[in-house]
Amino acid sequence: MKQSMTLIPTLREIPADAEVKSHQLLLKAGFMRQNASGVYSFLPLGKRVLQKVENIVREEMDGADAVELLMPALQQAELWQESGRWYTYGPELMRLRDRNDREFALGATHEEVITSLVRDEVKSYKKLPLTLYQIQTKFRDEKRPRFGLLRGREFIMKDAYSFHSSKESLDEVYKKLFQAYSNVFSRCGLNFRAVIADSGAMGGKDTHEFMVLSDIGEDTIAYSDTSNYAANIEMAPIVMEYKRSSEALKEMDKVKTENQKTIEEVAGFLEVSHENLIKSLLFKVDDQYVLVLVRGDHEVNDVKLKNLLEAGSVELASAEETKTVLSCPVGSLGPVSVTEVRIVADHAVEAVVNGVCGANEEHYHFINVNPGRDFNVEQYADLRFIKEGDPSPDGSGTIVFAKGIEVGHVFKLGTRYSEAMNATYLDENGKSQPMIMGCYGIGVSRTVAAVAEQYNDENGLVWPANIAPYQLHLIAVNMKDETQAQLANELYKELQGERFEILFDDRQERPGVKFADSDLIGLPLRITVGKKASEGIVEVKVRKTGEVTEVNRSELAGTLASMLKSI
RNA sequence: CGGGAUAUAGCUCAGCUUGGCAGAGCACUAGCAUGGGGUGCUAGGGGUCGCAGGUUCAAUUCCUGUUAUCCCGACCA
């Protein structure tokens, strides 16, 4: 493609709205433009990268015996009502009405559509398993879109759904797609981990998220420093045992702790360690309030709490609610003599000896509190977030944290949708059974941003060869110099003939402008036609390393081919 | 949804405190020079100062409302 014929609006300055590297560079290098919050146009370069990623996804999915189809983005409300999600999905589902006042949704995901399709078309165990996928635009009215393509309201996703007559078959396809996903992200050049994730109320024991390691990631990954264990921090179970100190139990006492509210303040004021404190938090669990206790140096894990109580929603009660329910400000909460609400506690609390907790009275705490003696707990469970330094749940090594961007998710759905929507098949005995399902997503546009996030330097983007919008950037230093212009034009045609993907900067621009734009766009190899054009010699520069070689035009195609292979 | 901030040319931003014809740099157009890392000079084009209302002889500037965008938090099958 000649640069004079396409649209690559590079910017000299970074738009003020862009915060993270990938967002800034994709805008600056002219790959995309924002339309509304979380809504973007892909310009020609952006579109090409997107297509590269899509094609890798297609190859790997097809290789795993998944078949592509395309479902509507515009979906009738009835389907969502059938699964129940019309009422539970919330405002994140974009809803609209047609001219006849019928209700629709813009697809946030496609479980309903695919389940209804397969229900109608597949009736026999002989047609199973079946794995279908699509690459499509999804709509989610995010509360807070941010970071450019990383969290948009309209984005491109590959979603796949598998249907089975047995758990074993689901396991098999899950494993195959897990491998396909690893291949996709490896081929995109990403540094990623597959981590154990939350399966939530959907049940099913296996679900993994594919996380690209990045400081701007919105999820925290807890992984072992020695084994390959990795889990979303929400999920990592605590395996350590808490030893009770052998200290003699002392008499409980109420002490004045004027204006000491936080764990930090109270521990400092009473000169005790955080581990000796019992932190009490009031949660609203569905319609009930529950007092949750963890040790002062620990944090409540709301996902574990939610799973333990089999709740639909779990949120911290507000200060006002707390005051109403326990008639006490949040800084002085404690479990002693509390009968109004259920009390659950993390295992670590059970081992606290002569601890400190709020006295349910402003400015007062209890000291020498002992669980069992001074207050009762309905249930002890694993309720806290894992910490760095904790033993790894798989028994080998200790836990370290990293931030991750979720780019893929594989999930064993089970029969949640097939049962709700009556997607059944007849088994070998002629008996009707609900189909067992799996679902598998890849955030395609998010993957593009994740790569941009990992591959850049101070001069701009540095695309891995596999997904670069073009492989080669051909530059004529001076298009007014006839020798240079002619050689560049000839090389452009020759290299195209050799099936290279090539962007030719044929603009009448200053060399400095061309070089700067070239670095910014970040194609893997740059061919510069300059002073030595008359001798048939050009320069080849590797974007990533900056390494430059002079090459005779007769050897150019061969040299480029082998260089592309090596990067 | 709670808290904070911003909105003036395609981009980055001044001007507003103290009301009086709309500004700069970059980008764009034309010309001349230049031609290996965002070049120089000259001459131009481009804005309903987010929108609506109010105060005023006069509002980009003051007041009220509203919308959009960004940030922090909560949320995220």
Side-chain angles (χ1 to χ4, degrees), chain A residues 7 9-20 23-24 27-28 30 33-39 80 83-85 88-93 107-112 138 140-148 150-153 155 157 159 161 197-204 207 209 218-219 232 234 284 302-303 306 312-320 406 409-414 416-417 420 437-441 443 459-460 475-481 484-485 505 507-520 526 528-533 538-539 541 546 548:
Chain A
L7 178 67
T10 56
L11 300 172
R12 199 116 172 207
E13 275 161 298
I14 295 163
D17 284 349
E19 188 80 359
V20 300
H23 191 194
Q24 293 176 343
L27 289 171
K28 187 173 187 218
R33 284 294 182 265
Q34 182 174 43
N35 288 300
S37 179
V39 180
W80 287 75
S83 73
R85 287 208 290 183
T88 57
Y89 208 98
E92 205 167 290
L93 183 66
T109 168
H110 281 70
E111 278 86 3
E112 282 81 1
K138 296 275 192 274
R140 288 183 195 175
D141 197 356
E142 291 282 347
K143 281 179 183 168
R144 181 139 101 86
R146 67 183 116 171
F147 297 159
L150 287 173
R151 180 169 289 268
R153 294 192 295 172
F155 55 96
M157 185 165 167
D159 49 324
Y161 307 89
D198 177 25
S199 62
M202 296 283 182
T207 170
E209 289 167 345
E218 298 183 75
D219 294 279
N232 192 307
E234 295 170 341
K284 193 173 180 181
D302 49 344
V303 172
K306 189 169 161 180
S313 82
V314 160
E315 58 181 326
L316 199 58
S318 67
E320 296 78 51
E406 182 188 350
H409 199 161
V410 289
F411 199 109
K412 290 184 184 172
L413 270 183
R416 153 91 175 79
Y417 291 93
M437 293 172 59
C439 76
Y440 318 85
N459 294 320
I475 289 181
V477 169
N478 182 2
M479 282 303 284
K480 281 188 185 160
D481 178 316
Q484 289 185 24
D505 193 346
R507 296 174 302 167
Q508 306 267 359
E509 285 287 355
R510 305 272 313 179
V513 173
K514 293 186 176 189
F515 291 138
D517 272 350
S518 173
D519 287 345
L520 182 58
R526 184 172 84 201
T528 309
V529 177
K531 287 185 189 117
K532 293 190 177 169
V538 298
E539 278 165 28
K541 181 173 180 181
V548 179

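First the proteins, then the strands, lettered A, B, ... as listed; each starts at 1. When reading the values below, keep in mind they use all heavy atoms of this one structure, side chains included, and skip hydrogens, waters and symmetry mates.
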> Taking 4.0 angstrom as the limit, do Arg416(A) and Glu111(A) come out as a salt bridge?
no

> Taking the C1' atom in each of rG31(B) and rA5(B), what is the distance between them to the nearest angstrom?
45 Å

> Map Ile14(A) and Leu316(A) onto RNA chain B by nearest heavy atom, then report which one ends up closer to the 5' terminus.
Ile14(A)

> Using whole Å, report how far CD of Glu19(A) lies from C1' of rC71(B).
7 Å

> Does Leu11(A) have any side chain to side chain contact (heavy atoms under 4.5 Å, CB included) partners at least two apart in sequence or in another chain, and if so, which?
Pro15(A), Lys28(A), Arg33(A)

> Verify the contact: side-chain N or O of Gln34(A) to OP1 or OP2 of rC70(B), cut-off strictly under 4.0 Å; return yes or no.
yes

> rC70(B), rU12(B), rG37(B): which one has an atom nearest the side-chain heavy atoms of Ala16(A)?
rU12(B)

> Report the nucleotide, chosen from rC76(B), rG36(B), rU12(B), that has the shortest atom-to-atom distance to any side-chain atom of Glu92(A).
rC76(B)

> Does the side chain of Glu406(A) come within less than 4.5 Å of Asn232(A)'s, by heavy atoms?
no

> Quick one: label Glu315(A) by what it contacts on the DNA or RNA (base, sugar-phosphate, nothing), any heavy atom closer than 4.0 Å.
nothing

> Kindly give the atom pairs (protein nitrogen or oxygen, nucleotide nitrogen or oxygen) under 3.5 Å for nucleotides 1-6 of chain B.
none

> Distance criterion of 3.5 Å, no angle test: do you see the side chain of Glu509(A) paired donor-to-acceptor with the base of rG37(B)?
no

> How do Ser37(A) and Thr528(A) order along RNA chain B: which one's closest nucleotide is nearer the 5' end?
Thr528(A)

> What contact category does Lys541(A) fall into here, base, sugar-phosphate, or nothing, at under 4.0 angstrom with non-hydrogen atoms?
base

> Distance criterion of 3.5 Å, no angle test: do you see the side chain of Arg151(A) paired donor-to-acceptor with the base of rC76(B)?
yes

> Please confirm whether any donor atom in the side chain of Asp481(A) sits under 3.5 Å from an acceptor in the base of rG35(B), or the reverse.
no

> Please enumerate all residues that pass side-chain hydrogen bond (donor to acceptor under 3.5 Å, both in side chains) together with Asp141(A), with sequence neighbours excluded.
Arg153(A)

> Could a donor-acceptor pair under 3.5 angstrom be found where the side chain of Lys28(A) meets the base of rG10(B)?
no

